[in-house]
Amino acid sequence: VQLQASGGGLVQPGGSLRLSCAASGDTLDDYGISWFRQAPGKEREWISSISSSEGSTYYLDSVKGRVTISRDNAKNTVYLEMRDLKPEDTAVYYCAAEWVGSNSYFYTVDWTVHDYKGQGTLVTVSS
């Protein structure tokens, strides 16, 4: 599975962006998909996951309410919609996939255990 993250860019504080994670090589139906980010000088951190079962979603507390993860299995794509962006959201954003089987609520916040990882897309929040 190849994952292609896109949608990053420069946005003003308070603005919004929608990131996309498009997959090829296999369908994402049986994968849990996660988004991570890595800010300059900081470690990569998990921010959100969506399960293979009914699209159950999970969020880092600090982004809850400003971020929505969703999936469109027909398009083999997962989205991360971000609102009310702050300068501290500036980071490279990555998506990753972990095979969990169908109808699974399992997810993990550990980057290293994901089976497939995409390249990042840079989000810069600045006026």
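Here the structure is a predicted model, which means the values were calculated and not measured. Each residue takes its place number in the sequence, starting with 1.
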N76 side-chain N/O to A22 backbone N/O, donor-acceptor pair under 3.5 Å: no
Y79 six-ring centre to R18 NZ/CZ under 6.0 Å and within 45° of normal: yes
For S126, side-chain contact (heavy atoms from CB on, under 4.5 Å) partners two or more places apart: L10, T124
Where A5 and C95 come nearest, the two heavy atoms and their spacing: CB-SG, 4.1 Å
Same apolar cluster (I L V M F W Y, side chains within < 4.5 Å links), V92/V125: yes
Gap between atom CD of Q38 and atom CG of L122 - 0.5 Å precision: 12.0 Å
From CG (L3) to CD1 (I33), nearest 0.5 Å: 6.5 Å
Over 12 foreign heavy atoms within 6.0 Å of NZ, K86: yes
Reference residue S48; test side-chain contact (heavy atoms from CB on, under 4.5 Å); the match among Y59, F36, Y58: Y59
Test item: side-chain donor near acceptor, D115 and Y31, under 3.5 Å: no
Over 12 foreign heavy atoms within 6.0 Å of CD, E43: no
For the student: nearest non-hydrogen atoms of V123 and G8, plus distance: CG2-CA, 4.0 Å
Candidate pair K117 and Y94, rule side-chain contact (heavy atoms from CB on, under 4.5 Å), full reasoning: CA-CA 7 Å; K117 306 172 181 73; Y94 302 86; over 6 Å; no
Side chain Q119, main chain Q4, donor-acceptor under 3.5 Å: no
Would you be so kind as to tabulate the donor-acceptor pairs closer than 3.5 Å made by side chains of residues 101-108, with sequence neighbours excluded?
from	atom 1	to	atom 2	distance (Å)
S104	OG	F106	N	3.0
Y105	OH	E54	OE1	3.2
T108	OG1	D110	N	3.1

Distance, nearest 0.5 Å, that separates OH of Y93 from CG of L80: 7.5 Å
Trace of the side-chain contact (heavy atoms from CB on, under 4.5 Å) decision for M82 with V11: CA-CA 11 Å; M82 302 188 293; V11 62; over 6 Å; no
All N/O donor-acceptor pairs, side-chain side in residues 63-70, below 3.5 Å, sequence neighbours left out:
from	atom 1	to	atom 2	distance (Å)
K64	NZ	D61	OD1	3.2
R66	NH1	R83	O	3.4
R66	NH1	D84	O	3.0
R66	NH1	D89	OD2	2.8
R66	NH2	D89	OD1	3.0
R66	NH2	D89	OD2	3.4
T68	OG1	R83	NH1	3.0
T68	OG1	R83	NH2	3.4

Linked, directly or transitively: W111 and V100 (ILVMFWY side chains, under 4.5 Å): no
Sidechain-backbone polar pair: R71 side chain, L28 backbone, donor-acceptor under 3.5 Å: yes
